[in-house]
Amino acid sequence: MSSTKAGRRALITGLTGQDGSYLAEQLLAQGYEVFGLIRRLSTPNTRHIEGFADRVTLIDGDLLDQASLDAAVRQSEPDEIYNLAAQSFVGASFTQPVVTGEVTGLGVLRLLEAMRTRADRARFYQAASSEMFGRVRRSPQDESTEFHPRSPYGVAKVYAYWACVNYRESYGLFVANGILFNHESPRRGHEFVTRKISDGVARIKLGLAKAIRLGTLTTRRDWGYAPEYCDLMFRILQAPVADDFVGATGETHSVEEFVAAAFRHVGIQDWRPFVELDPRYARPADVDTLCGDPTKAREKLGWVPKVKFPELVGIMVDHDLGVLGAPGGHRSAARAPSAPTTPPA
Ligand code: GDP
């Protein structure tokens, strides 16, 4: 959406992450005053926001700390709150289930309380997740599909989802869930499988590595392009009534298909010599297959994701080739639609 919203104020948690940084860029371009909650770390992780850090107001805070959230809402006086902060890596949620529940689940309740008591006219976006669907019984999944989470992360997201619905129904607050399927970009963390593959393929192509080690090749995901999903978040908060929306491409592909497409992109047809299965990266329980139905978002919000699977793979691989020093990678990345140029971790 291109409408200008000069004078409006947005508070983003998770500003330094993939989604937070893309969303902030979009909101700044639309004239918003942007405030970002920043968690204090001994090693700063601000590389994604370096291009616009001087145009946003950073507020120290943490989803574990109610007082800091209250203060952040008081200081920013937001028209819109986007809760994108979380312990967002499914794999880590098995080794740190309690922290995941505290941050990804209860943290949302804390932020809702801060809004209820200090900014009850604001609009609240919750980053819900397709991981809530988990062991799916029907495909594709839409807003009415039942949840069966398969990880502590998924369980925490289900808690947060219902907390949001409950605050909407109990207090009449404008609280909306975006049930977004996997969305990737060159800003995706290296622990996620798409970035691990794009980085690994670029290294192998340039002779910097010999193999990629993965937990499984068979699981399937509905992978979209992150900047388009951040636009959906914005649209969800401009809707006339608070509601929940699925964001997805409607296509599902296996990890193996991602691997094959990434190698093909650099001219390697037989990827098998370069990929090893390693049980260290497998999960105690996994989500076998996800495929979203974005009909409601298209019909009610006019949202249509344009970047399809092969293009997404190409954007990510080209970016990583560029970062690692291949001139062709830079060129191709510059051609990609709104391809970000942020260096990896
Ligand atoms: P998720 O859908 O939020 O869990 O996103 P991920 O990118 O972390 O994982 C997507 C799928 O890839 C899951 O089914 C993982 O089990 C699978 N996968 C296979 N090998 C790996 C790996 O080495 N790392 C990660 N992160 N996922 C892997």
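All of these numbers come straight from a predicted model, not from anything done at the bench. Counting convention: from 1, in listed order, for ligands and their atoms alike.
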Any N or O of [X] that comes nearer than 3.5 Å to an N or O of ligand 1?
X      : result
Tyr281 : no
Val193 : yes
Arg188 : no

> Any idea which protein heavy atom is nearest atom 20 (N) of ligand 1, and the distance to it?
Replying inline: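 Nearest protein contact, heavy atoms only, for atom 20 (N) of ligand 1 is Gly215 N, 2.8 Å.
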| task | Return the residue, atom name and 0.1 Å-rounded distance of the protein heavy atom closest to atom 3 (O) of ligand 1. | result |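 Ranking protein heavy atoms by distance from atom 3 (O) of ligand 1, first comes Val90 CG2, 3.5 Å.
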Taking Arg116 first and then Glu113, would you say they form a salt bridge - that is, a charged N and a carboxylate O separated by under 4.0 Å?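 Salt bridge present between Arg116 and Glu113.
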| request: Output yes when Glu33 and Arg9 qualify as a salt bridge under the 4.0 Å nitrogen-oxygen rule, no when they do not. | output: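 Looking at Glu33 and Arg9, the cut-off is met.
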Examine the proximity of ligand 1 to [X] and report which part, side chain or backbone, both or neither, has a heavy atom under 4.0 Å away.
X      : result
Asp286 : side chain
Lys196 : side chain
Thr219 : side chain
Val255 : side chain

**Message:** Using a 6.0 Å cut-off, check whether atom NZ of Lys210 has over 12 heavy atoms from anything other than its own residue.
**Reply:**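 No - once you tally the heavy atoms of other residues, nucleotides and ligands closer than 6.0 Å, there are 12 at most.
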ring-ring contact (aromatic ring centres under 6.0 Å, His included) between Trp303 and Tyr229, worked out: CA-CA 9 Å; Trp303 182 76; Tyr229 287 59; 5.2 Å; yes
Closer than 4.0 Å to some heavy atom of Phe192 - which atoms of ligand 1 meet that?
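What qualifies from ligand 1 is 5 (O), 6 (P), 7 (O), 8 (O), 26 (N).
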| said: Need the ligand 1 atom indices (1-based, order shown) with element for anything under 4.0 Å from a heavy-atom of Asn182. | reply: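 The list of qualifying atoms is 1 (P), 2 (O), 3 (O), 5 (O).
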- request: Report the residue from Ile12, Asp19, Leu27 that forms a side chain to side chain contact (heavy atoms under 4.5 Å, CB included) with Met233.
  value: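 One option only clears the test, and that one is Asp19.
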| How long is the gap from CZ on Phe245 to CG on Leu301, to the nearest 0.5 Å? |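 The CG atom of Leu301 is 4.0 Å from CZ of Phe245, to the nearest 0.5 Å.
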Is it the case that the ring center of Phe309 lies less than 6.0 angstrom away from the ring center of Phe258?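 So the answer is yes for these two rings.
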Can you tell me if Phe89 has a non-hydrogen atom under 4.0 Å from ligand 1?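 It does, in that a heavy atom of Phe89 comes within the 4.0 Å cut-off of ligand 1.
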Item to check | Stacked cation flag Lys196 on Tyr281, 6.0 angstrom / 45 deg | outcome: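 The answer is yes, since Lys196 meets both limits relative to Tyr281.
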